[in-house]
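Hydrogens, waters and symmetry mates are skipped; everything else that's a heavy atom, side chains included, is used. What you are looking at is a predicted structure, and each value in this text was computed from that prediction instead of being measured.
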Amino acid sequence: MDQKYENVLVPVDGSGVTDKVLERAIDVAKANDAHLDILNILEVNQFNQTYGSAVSGDVVFKLTENTEKKLESLKQEALDAGVKDVDIHIRFGNPKPIIAREFPKDHGSDVIVIGATGLSAVERLIIGSVTSYVTRTAKCDVLIVRPQKKPAKK
């Protein structure tokens, strides 16, 4: 069976695996001559809990501005690597349903390229891995990119 993807979604969170995940998404997009969507989700309520009160519009604006700059550089990286059609997106809210269902439904994503995890073991226990949620509930294919294991020393 010859699977051809048209719309590749790569959610990025700025963690250590972002480069590896983006690299794989670029490969998939180029191999399929597909459109690439680079998505970052800002969890505003996460800041409210951290700081004990609502976050001011200025903080959200600055955060959005910084995120947009980072996403623009990732978009440029994809274009430089040969992907012809790239869009960047910032959404606010809970990453799980946005990545698994809402964004793919809105944009016709047929594959999600996602990192194995950006969380520590403790965080996964408490809030659950976004990746495992996406894998279980997404309607489209999910490609999980694992961080490179360092070769064992002999």
Side-chain angles (χ1 to χ4, degrees), residues 1-47 57 59-121 123-125 127-152:
M1 187 178 95
D2 194 20
Q3 175 69 53
K4 182 121 173 71
Y5 296 117
E6 293 176 17
N7 292 298
V8 180
L9 167 59
V10 59
V12 295
D13 62 3
S15 69
V17 295
T18 292
D19 291 344
K20 203 90 200 124
V21 174
L22 182 66
E23 207 174 283
R24 181 63 60 84
I26 288 170
D27 291 344
V28 172
K30 281 178 19 186
N32 290 275
D33 198 22
H35 172 80
L36 178 62
D37 285 308
I38 303 172
L39 169 67
N40 183 273
I41 296 156
L42 299 174
E43 291 182 84
V44 177
N45 57 349
Q46 177 185 318
F47 300 105
V59 172
V60 173
F61 177 78
K62 191 76 189 144
L63 191 66
T64 306
E65 199 177 42
N66 293 344
T67 301
E68 202 165 337
K69 282 185 190 138
K70 180 65 180 153
L71 290 177
E72 282 293 349
S73 77
L74 296 177
K75 175 181 177 175
Q76 194 55 54
E77 195 178 314
L79 291 168
D80 292 347
V83 180
K84 295 180 190 81
D85 189 11
V86 185
D87 285 327
I88 59 170
H89 308 269
I90 297 174
R91 291 264 180 110
F92 293 91
N94 181 341
K96 291 177 181 181
I98 294 173
I99 295 168
R101 293 188 302 271
E102 294 166 21
F103 190 94
K105 185 171 173 262
D106 295 347
H107 294 270
S109 311
D110 44 20
V111 63
I112 300 168
V113 180
I114 191 166
T117 178
L119 301 174
S120 72
E123 287 171 314
R124 275 196 307 278
L125 269 176
I127 58 177
S129 162
V130 170
T131 302
S132 63
Y133 181 86
V134 169
T135 307
R136 284 194 316 274
T137 61
K139 301 264 187 272
C140 63
D141 288 353
V142 179
L143 173 61
I144 298 171
V145 179
R146 304 210 176 272
Q148 293 296 95
K149 295 265 188 266
K150 291 185 174 62

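Ring-centre distance between His35 and His107: not below the 6.0 Å cut-off.
Among the candidates Val113, Asp37, Ile98, Ile99, the single residue satisfying the side-chain contact (heavy atoms from CB on, under 4.5 Å) test with Pro11 is Ile99.
Remark: Ile90 CD1 to Thr64 OG1 distance equals 5.5 Å, nearest 0.5 Å. A distance of 5.0 Å separates CG in Asn40 from CG in Leu42, rounded to the nearest 0.5 Å. Put simply, OG on Ser109 and CZ on Arg101 are 14.0 Å apart, with the number rounded to the nearest 0.5 Å. Note that CD1 of Ile38 is 7.0 Å distant from CG of Leu71, once rounded to the nearest 0.5 Å. Here Ser129 contributes atom OG and Arg136 contributes atom CZ; the two are 8.5 Å apart, rounded to the nearest 0.5 Å. Taken from CG in Asn7 to SG in Cys140, the straight-line distance is 10.0 Å, to the nearest 0.5 Å.
By the 6.0 Å contact criterion, CD on Glu102 is enclosed, its count of non-hydrogen atoms from other residues, nucleotides or ligands being greater than 12.
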Given the rule in the side chain to side chain contact (heavy atoms under 4.5 Å, CB included) test, do Thr18 and Asp13 qualify, once you have shown the distances and angles that lead to the verdict? CA-CA 7 Å; Thr18 292; Asp13 62 3; 3.5 Å; yes
Steps toward side chain to side chain contact (heavy atoms under 4.5 Å, CB included) verdict (Asn32, Val8): CA-CA 9 Å; Asn32 290 275; Val8 180; 5.8 Å; no
Could you walk me through whether Arg91 and Asp106 pass the side chain to side chain contact (heavy atoms under 4.5 Å, CB included) test, one step at a time? CA-CA 12 Å; Arg91 291 264 180 110; Asp106 295 347; 2.9 Å; yes
Check the pair Tyr5, Asp141 against side chain to side chain contact (heavy atoms under 4.5 Å, CB included), reporting the backbone distance first and the verdict last. CA-CA 10 Å; Tyr5 296 117; Asp141 288 353; 2.6 Å; yes
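The list of salt bridge (Lys or Arg N to Asp or Glu O under 4.0 Å) pairs with a residue in residues 70-87, not counting sequence neighbours, reads Asp33-Lys84.
Of all heavy-atom pairs between Leu36 and Ala78, the closest is CD2-CB, 3.8 Å. In plain terms, the two heavy atoms of Ala138 and Ile112 that are nearest each other are CB-CD1, 4.0 Å. Taking both residues in full, the closest heavy atoms of Ala100 and Thr137 are given as CB-OG1, 3.3 Å, listed atom of the first, atom of the second, then distance. Across all their heavy atoms, Ala81 and Lys30 have their closest contact at O-NZ, 2.8 Å. Gly93 and Glu43 get closest at one heavy-atom pair: O-CG, 3.1 Å.
Salt bridge present: Lys62 and Glu65 bring a charged side-chain N and a carboxylate O closer than 4.0 Å.
Residues satisfying the side-chain hydrogen bond (donor to acceptor under 3.5 Å, both in side chains) criterion with Asn94, sequence neighbours excluded, are absent altogether.
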